[in-house]
Amino acid sequence: MPLNMISEEDFTKLSQFIHKEYGINLAQKKQLVTSRLSSFVSQKGYTSFTPFVSALLKERNPADMEAVLNRLTTNYTFFMRETEHFEFFTRTVLPEIVNRHQRDRVMSIWSAGCSSGEEPYNLSIYIKEFLGPRASQWDTRILATDISQKALASAKKGVYELPDTVPGHWKKRYFVPVKGTGQFMVAPEIKNNVIFQTFNLMDPIKFRLKFDVIFCRNVMIYFDQPTKDALVRRFYDATVPGGYLMISHSENLGKDNPYQTVAPSTFQKR
């Protein structure tokens, strides 16, 4: 079968494997799979999908698997995305965290599916702005995870073209111009405040601390409802009482999710 076509058998094998291992639902996306993977299959030296799929599922080569996932998903994000969340974070969530953690002065914040890193860096800036001189008295490090090593490598570099929505005084204080490129590097005080780590959201959540707030935006769009429901239950168990989950405005949770809705796309563990 030519490379511009994938057999129903190969598509079923591949889509079921990716759903089981990574939660990504490709059941109705046969054309997308074909179009996005054809060039990669050719680069690997195959003339059809059948031997490629067989080798991929048998060998489970991490580099090949990541290349496939990167082609089937979109690691697209930017600074100041869905600013309503950041406003709620500053106005409501941060005061509650400061009150809750007066003794240990440790914030526990997770950017789940952080892609190229803009979200956790954005959160770090808001925290610095909110705490001001008190920031040095707190452990404000943010956990930022993604399944893609490529996305995390880009995030760790922290070099971006900044949109006009980033305030001018932020550019001066929290970013360093990269000479001759028009790009900016995240300043060390912000970069050092984010811990990047590879993590598959299908795995059990066993981090040391429960989280005051979990950001998981534009990730669950790839999951079917049972996968989302199971992930939300894991998020709920990993959230402190009174803590929050924030998802994208383009997403929704199931009717039986255990959180309480408190604002658009914002949920609290009561």
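Given the structure is predicted, the values throughout are model-derived calculations rather than measurements.
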Are more than 12 heavy atoms, taken from residues, nucleotides or ligands other than [X], located less than 6.0 Å from that residue's [atom1] atom?
| X | atom1 | answer |
| --- | --- | --- |
| Q28 | CD | no |
| K20 | NZ | no |
| R100 | CZ | yes |
| D256 | CG | no |
| K150 | NZ | no |

Quiz item: Hey, what do you get for CD1 (I214) to CG (L245), rounding to the nearest 0.5 Å?
Solution: 6.0 Å
Practice problem: Working to the nearest 0.5 Å, report the span between NE2 of H249 and OG1 of T266. | Solution: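 Spacing of NE2 (H249) from OG1 (T266) equals 7.0 Å.
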Does a donor on one side chain and an acceptor on the other come within less than 3.5 Å for [X] and [Y]?
| X | Y | result |
| --- | --- | --- |
| E251 | S265 | no |
| E118 | S116 | yes |
| T50 | S48 | no |

Applying a strict under-4.5 Å side-chain criterion to I, L, V, M, F, W and Y, I'd like to know whether [X] and [Y] cluster together.
| X | Y | value |
| --- | --- | --- |
| V106 | L123 | no |
| L209 | F215 | no |
| I109 | V262 | yes |
| M107 | I195 | no |

For residues 233-242, dump all side-chain donor-acceptor pairs below 3.5 Å to protein atoms at least two apart in sequence or in another chain.
{"unit_1": "R234", "atom_1": "NH2", "unit_2": "L201", "atom_2": "O", "d": "2.6"}
{"unit_1": "T239", "atom_1": "OG1", "unit_2": "F235", "atom_2": "O", "d": "2.6"}
{"unit_1": "T239", "atom_1": "OG1", "unit_2": "Y259", "atom_2": "OH", "d": "2.8"}

Under a 4.5 Å cut-off applied to non-hydrogen side-chain atoms, are [X] and [Y] in contact?
| X | Y | result |
| --- | --- | --- |
| I205 | F199 | yes |
| S124 | T140 | no |
| I127 | F89 | yes |
| P120 | W110 | no |

Self-check item: Donor-acceptor contact below 3.5 Å, side chain N200 vs main chain I147
Solution: no
Quiz item: Counting distance only, does the side-chain N/O of E66 pair as donor-acceptor with the main-chain N or O of Q149 below 3.5 Å?
Solution: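 Checked: pair present.
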Self-check item: Distance-minimising heavy-atom pair for L14 and L37
Solution: CD2-CD1, 3.9 Å
With a 3.5 Å cut-off and sequence neighbours excluded, list the donor-acceptor pairs that the side chains of residues 184-192 form with protein atoms.
{"unit_1": "K191", "atom_1": "NZ", "unit_2": "K157", "atom_2": "O", "d": "2.8"}
{"unit_1": "N192", "atom_1": "ND2", "unit_2": "P188", "atom_2": "O", "d": "3.2"}

Practice problem: With sequence neighbours excluded, tell me which residues meet side chain to side chain donor-acceptor pair (under 3.5 Å) with D224. | Solution: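 Here the qualifying residues are H19, T227.
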Exercise. Tell me whether the guanidinium CZ or amine NZ of R217 lies under 6.0 angstrom from the six-membered ring centre of F86 and within 45° of its axis.
Key: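 Yes, a cation-pi geometry.
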Quiz prompt | Distance flag, aromatic centroids of Y121 and F196, threshold under 6.0 Å | solution = yes
